[in-house]
Amino acid sequence: MPSTGLPGYEGGARFAPQPPPPPPQKGRTGLILTVVLVAVVLLAGGGFLAWSMLGGGDDTEARQGQGQSQSQGQSQGQGENTPEGAKLAIPEVVKSTPAALRYDAKATAQMYPPAKRDPSSYPELKGLAQVDSVYHPENNPSVVLGVHTGGGTVSNAAQRVRAAFAPNAMAVAPKDFDLQDPDAKGAVLRCGISKGGGSYIPLCVWADSTSVGDVIGVGDASSSSLKKVDLKTLAQQTSDLRKAMRSGSAG
């Protein structure tokens, strides 16, 4: 698989197994850079992402790590109004355009380790049952979609979306996209482009009456060229992820 490191760095495999922490920064830009750095290491780590796309290997340990992450999410920042069973599902495959999205348990365990979770970094998920996941389009495993979601009672969807974007330094101001769900009254899907580490990084956030989700596109979804960032595709993928995760189905 060709090198898919950050733009400006040749031969991503030369990166150390664990990326250094980014310098302290105001807002959530540092958190985004951490996700980008981890994604670079994953993509350079012997090609296991493409290998896992083909169904190889035993991901039991990774799934256990994801289970721990979910349990910790439920124990931190939970409100009394969180409904029983509000946790969103993580389908193995999500139907989407231009290609289906496949869940990657190993990448999830490495990108979102329970020990590094900081609920205070996600004000939009306050009081919700939090779940992390990583997906890749089946036609391009070098695209990494980091998905951070929360299920429960959401009284003000627009306010949750504003809270998600507020800490981020945006290169392209967030704008609303069609959620493609006529039954989701008051729901919001908003996407923008942040800049960090020399890359432009697409971000999308949805919020409705029972769920909130952040989706960040890294790997080949980000670029050193603003014109090459496909925000429309990420908006479509985010809409499809929301539908599948809320219904517990594959799309």
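Atoms considered below: every heavy atom in the structure, side chains included; atoms not considered: hydrogens, waters and symmetry mates. Position 1 is the first residue of the sequence, and the numbers go up from there.
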Side chain proximity check, [X] to [Y], heavy atoms < 4.5 angstrom:
X	Y	answer
Arg102	Pro141	no
Tyr135	Val215	no
Cys191	Leu234	no
Leu125	His148	yes
Val218	Ile201	yes
Phe165	Leu203	yes
Leu128	Arg160	yes
Ile193	Lys195	no

Leu88 vs Arg246, test: side chain to side chain contact (heavy atoms under 4.5 Å, CB included). Steps then yes/no. CA-CA 6 Å; Leu88 299 179; Arg246 281 170 49 88; 4.2 Å; yes

Salt bridge (Lys or Arg N to Asp or Glu O under 4.0 Å) contacts in which one or both residues fall within residues 169-182, not counting sequence neighbours: Asp176-Arg190, Asp181-Arg242

Quick one, Trp206 with Ser239, criterion side chain to side chain donor-acceptor pair (under 3.5 Å). Give me CA distance, side-chain angles, the key distance, then yes/no. CA-CA 8 Å; Trp206 89 72; Ser239 178; over 6 Å; no

Applying side-chain hydrogen bond (donor to acceptor under 3.5 Å, both in side chains), name anything that partners Thr149, two or more places apart in sequence or on another chain.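 So Thr149 forms no side-chain hydrogen bond (donor to acceptor under 3.5 Å, both in side chains) with any residue.
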
Residues which pass side-chain hydrogen bond (donor to acceptor under 3.5 Å, both in side chains) with Gln180, listed by chain and number, not counting sequence neighbours: Gln236

Out of curiosity, Ser133 OG to Ile90 CD1, how far, rounded to the nearest 0.5 Å?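 Separation between the atoms: 5.0 Å.
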
Nearest 0.5 angstrom please: Tyr200 OH to Ser224 OG, how far? 9.0 Å

Can you name the closest pair of heavy atoms from [X] and [Y] and give their distance?
X	Y	value
Ser223	Lys228	OG-CB, 3.6 Å
Leu189	Ala235	CD2-O, 3.6 Å
Val134	Tyr112	CG2-CE1, 4.0 Å
Ala157	Gly186	CB-O, 3.5 Å
Tyr103	Pro91	CB-O, 3.6 Å
Ala163	Pro123	O-CG, 3.8 Å

Are Glu138 and Leu101 close enough, and set up right, to give a side chain to side chain contact (heavy atoms under 4.5 Å, CB included), and what steps lead you there? CA-CA 6 Å; Glu138 288 187 333; Leu101 308 175; over 6 Å; no

Donor-acceptor contact present, side-chain Ser199 to main-chain Gly196, <3.5 Å: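 A pair under 3.5 Å: no.
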
Report the residue from Leu145, Asp230, Val147 that forms a side chain to side chain contact (heavy atoms under 4.5 Å, CB included) with Gln237. Leu145

